[in-house]
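Letters A, B, ... mirror the listed sequences (proteins, then strands); counts begin at 1. Since we're looking at a predicted model, the values are computed, not measured.
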Protein chains: 2
Amino acid sequence: MDPLLIDRLLQIADLFQKDMGRAFAGTGLTTARVHLLWILQHSGPSTQQSLAQACDVSPRNITGLVDALEKTGHVRRTPHPADRRAVLVELTPSAIETMTRMQREHVELDASLMGAVAPGDRDAVLRGLTAISSHLERLVADAGPRDDGPSS
Amino acid sequence: MDPLLIDRLLQIADLFQKDMGRAFAGTGLTTARVHLLWILQHSGPSTQQSLAQACDVSPRNITGLVDALEKTGHVRRTPHPADRRAVLVELTPSAIETMTRMQREHVELDASLMGAVAPGDRDAVLRGLTAISSHLERLVADAGPRDDGPSS
DNA sequence: TATTGTTATACTCTATAACTATA
DNA sequence: TATAGTTATAGAGTATAACAATA
């Protein structure tokens with residue numbers, strides 16, 4: 001009997017998690033930290049508030065992640081030019097290099113995964129995943145605001 | 001420009017995580033605990049050793065998860081009939097009910113996701129995800145044993 | 001008064017190492 | 001000697017609440 005679509009997706013999610021955890025092992029990086037670096041590379045220097053929103057995580061949590069990344073030399077805190085309450089977090093040159101390499105590996109992994117799919121199925125898979133992603137996004141958004149259950 | 005296949009998959013993984021986290025909120029359950037319950041429902045009463053292997057987690061971690069689940073009345077520890085060192089962990093009746101309901105919701109969510117995919121794309125999506133899953137499994141397995149990099 | 005970031009506190013998942021009771 | 005589980009210790013991600021400095 002076939003496994004369900006959802007089981008495949010969950011299994012893939014789990015494998016990704018394992019793969020990333022292993023890829024970062026020994027570098028002082030973790031999934032959460034790399035996620036933050038990723039956002040910094042795409043958004044440029046950012047306040048911790050905006051990082052908290054982008055990561056969908058509490059501001060307190062950002063403090064901890066930035067502390068760790070600062071200690072390992074991946075990011076720098078600089079004063080915000082216009083708001084003395086805020087700081088700007090930015091990638092160090094060496095972290096920019098790291099992220100550039102990571103971006104390249106990311107694209108390579110994509111090609112590798114795509115190569116595992118039968119050529120004739122590729123378009124359908126992309127369409128299907130896009131649809132599933134949108135659908136899930138709607139489900140999460142609908143369930144999100146209210147946690148007391150839907151009724152009346 | 002199209003997002004990459006891998007980005008879709010990562011996005012879906014993230015949405016699943018958020019969805020589950022929210023679904024369990026307030027119940028005292030978490031992803032890790034539900035995973036353990038899930039295994040118990042499929043394997044029946046198990047020793048903590050076998051649970052550690054099934055969850056791919058340290059035995060010490062299982063102690064903590066079982067402690068928590070015991071405290072909330074989801075599982076029971078009973079003496080192993082043949083080995084006085086070991087214990088058997090088993091679901092309580094109420095947890096069996098919970099898991100049965102969860103299983104039903106799981107299948108419903110699958111149908112809901114499948115419904116979001118164009119009928120003509122469904123087979124290709126299933127085939128593609130199966131291929132991706134196998135491919136990733138191989139990548140993880142290959143990278144796993146050695147963390148000093150591939151060479152000679 | 002509202003916002004930015006931090007300190008204080010706490011919970012969860014995770015791991016390794018040392019230890020106890022049994023095999 | 002080896003195995004099952006626990007205690008001890010530690011690190012990482014996460015959260016809320018209280019507080020400081022600044023808007």
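- A donor-acceptor distance shorter than 3.5 angstrom exists from the side chain of B:His42 to the backbone of B:Trp38, with no hydrogens or angles considered.
- Bounding nucleotides for the chain A contact on DNA chain D, 5' to 3', at a heavy-atom distance below 4.0 Å, are D:dA12 to D:dA23.
- Between the side chain of A:Ser133 and the backbone N or O of B:Arg8 there is no donor-acceptor pair closer than 3.5 Å.
- The two atoms that bring A:Leu15 and B:Glu137 nearest to each other are CD1-N, 3.9 Å, heavy atoms only.
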- Step-by-step side chain to side chain contact (heavy atoms under 4.5 Å, CB included) determination, A:Leu113 to B:Leu4: CA-CA 10 Å; A:Leu113 294 181; B:Leu4 302 176; over 6 Å; no
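- Contacts between residues 37-55 of chain B and DNA chain C, defined by a heavy-atom separation under 4.0 Å, are absent.
- A search for side-chain contact (heavy atoms from CB on, under 4.5 Å) contacts involving B:Ala68 returns B:Arg33, not counting sequence neighbours.
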- Summarise protein proximity over nucleotides 12-22 of chain C in one line of letters, 5' to 3': B for base, S for sugar-phosphate only, - for none, counting protein heavy atoms closer than 4.0 Å. SSBBB----BB
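- Using a distance-only test at 3.5 Å, with no hydrogens or angles considered, a donor-acceptor pair links the side chain of A:Thr100 to the main chain of A:Ile96.
- Looking at residues two or more places apart in sequence or on another chain, you find a side-chain contact (heavy atoms from CB on, under 4.5 Å) between A:Arg85 and A:Asp83.
- In this view, B:Met114 and A:Leu5, B:Arg122, B:Leu126 satisfy the side-chain contact (heavy atoms from CB on, under 4.5 Å) rule, not counting sequence neighbours.
- Side-chain atoms of B:Thr47 never come within 3.5 Å of backbone atoms of B:Val87 as a donor-acceptor pair (strictly under, hydrogens ignored).
- Side chain of A:Asp110 to main chain of B:Ile6: a donor-acceptor pair is present (N/O by atom type, distance under 3.5 Å, no hydrogens or angles).
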